Amino acid sequence: MKLLVEELREKRTLGDAGLMELLTSDDPSADACLFAAARETAEAHFGRQVFLRALIEWSNICRNDCLYCGIRRSNPDVRRYSLSRESILRCCENAWRLGLRTFVLQGGENPPAAEKLAGLVAEIRASWPQAAITLSLGELPADTYARLRQAGADRYLLRHESADPAHYARLHPAGMRLENRLACLRTLRELGYQTGMGMMVGSPFQTTGNLLADIRLLERFRPEMIGIGPFIPHPATPLGAYPAGSSERTLRLYAILRLMHPDALIPATTALSTLRPDGRTAGILAGANVIMPNFTPAVERAEYTLYEGKASLAVETAENIRKIHEELAAIGRTVSPSRGDYQENLSKDTDNHV
Ligand code: 5AD
């Protein structure tokens, strides 16, 4: 196992059999070795700094009906909301004051509303010229992506969810296609967005072979950001009775992907923290280097339930940031004061990471 980790570290890739072995191992000492290599690689590229992103869940109105997602269109139990302009600007202000330099506007898929967001993106861009703006609004027409980019958005998160078309089809309603999603990702990249992809670990029907296909897709596309979290069932969805994904396997994927993509921005996701209280630090210690604290106002936050028991539902924003600083200090990490843009071949001795 140690040899496989060394090969992965050096070559930044590995054959299928080797990757399968790393993914399926249940030997804790193999994990320890894998995580240590990933940690060292993250440290060599980013130092001991972690980037924070302010997550603002601006609307849970969604035209889509993904079979796993709690805010799917056909869940009638959700009270739908969209944050007002004032409320979103207050979230940004709050995040900026607490030292965050990236605002992530995430919401359900709603093309007309997304179109209207362009004005707000321009306003955020003008008010905080030094902040990065990340969007996560699903599949939109190319001209909407273009308009949002022009308004000042820098990055876009759009998980591919599964690289296997047959598996993808079992997680999504008829009409949604992996091909469309990949076309969106290519458009985003062409428009100059730093682009994030990713998938859930342990989503229903997922095989280890599916995860291998995800790894290979990421390897081909080389997104700047890679977002991965365990599947967590939401009882009001068609897939609500399937078991949650494994947090160990999620951590293993962080480590494998860190070794394959030394410069990528990889968050320790909220879904992981939902499964285990030490999810953030465990993620960082397995090679992740981003944390995305939630800045959605408490009332609306309760309605943005993609899955059950979502972590940090009740935690006050400032208190949460203080806690993150503390947790990171305890593992010898600090919060980066920078925007944390993707930089290729970043290495700590070139000292250009701040
Ligand atoms: N469990 C875990 N992650 C989920 N997402 C949606 N529903 C769930 C769930 N039940 C993830 C999807 C989506 C992201 C915003 O949240 O991967 O892309």
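Keep in mind that what you see is a predicted model, and the values were worked out from it rather than measured. For ligands, and for the atoms within them, numbers begin at 1 and follow the listed sequence. Throughout, numbering of the chain's residues begins at 1 and tracks the sequence.
Applying the salt bridge (charged side-chain N to carboxylate O under 4.0 Å, His left out) criterion to Arg53, with sequence neighbours excluded, gives no partner residue. The side-chain hydrogen bond (donor to acceptor under 3.5 Å, both in side chains) search around His160 returns Asp214, not counting sequence neighbours.
Arg333 and Asn289 share no donor-acceptor pair across their side chains, judged by distance under 3.5 Å alone.
When side chains are defined from C-beta on, Ile291 counts as touching Ile284, because their heavy atoms get closer than 4.5 Å.
Distance alone, capped at 3.5 Å, places no donor-acceptor pair between the Gln194 side chain and the Glu224 backbone.
Counting only residues at least two apart or in different chains, side-chain hydrogen bond (donor to acceptor under 3.5 Å, both in side chains) contacts with residues 232-242 are absent.
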Any protein N/O atoms within less than 3.5 Å of an N/O atom in ligand 1? List the atom names and distances, or say none.
{"from": "ligand 1", "atom 1": "1 (N)", "to": "Ile232", "atom 2": "N", "distance (Å)": "3.0"}
{"from": "ligand 1", "atom 1": "1 (N)", "to": "Ile232", "atom 2": "O", "distance (Å)": "3.3"}
{"from": "ligand 1", "atom 1": "10 (N)", "to": "Tyr68", "atom 2": "O", "distance (Å)": "3.0"}
{"from": "ligand 1", "atom 1": "10 (N)", "to": "Ile232", "atom 2": "O", "distance (Å)": "2.7"}
{"from": "ligand 1", "atom 1": "17 (O)", "to": "Arg159", "atom 2": "NH1", "distance (Å)": "2.9"}
{"from": "ligand 1", "atom 1": "17 (O)", "to": "Glu161", "atom 2": "OE1", "distance (Å)": "2.7"}
{"from": "ligand 1", "atom 1": "17 (O)", "to": "Glu161", "atom 2": "OE2", "distance (Å)": "3.3"}
{"from": "ligand 1", "atom 1": "18 (O)", "to": "Glu161", "atom 2": "OE2", "distance (Å)": "2.5"}

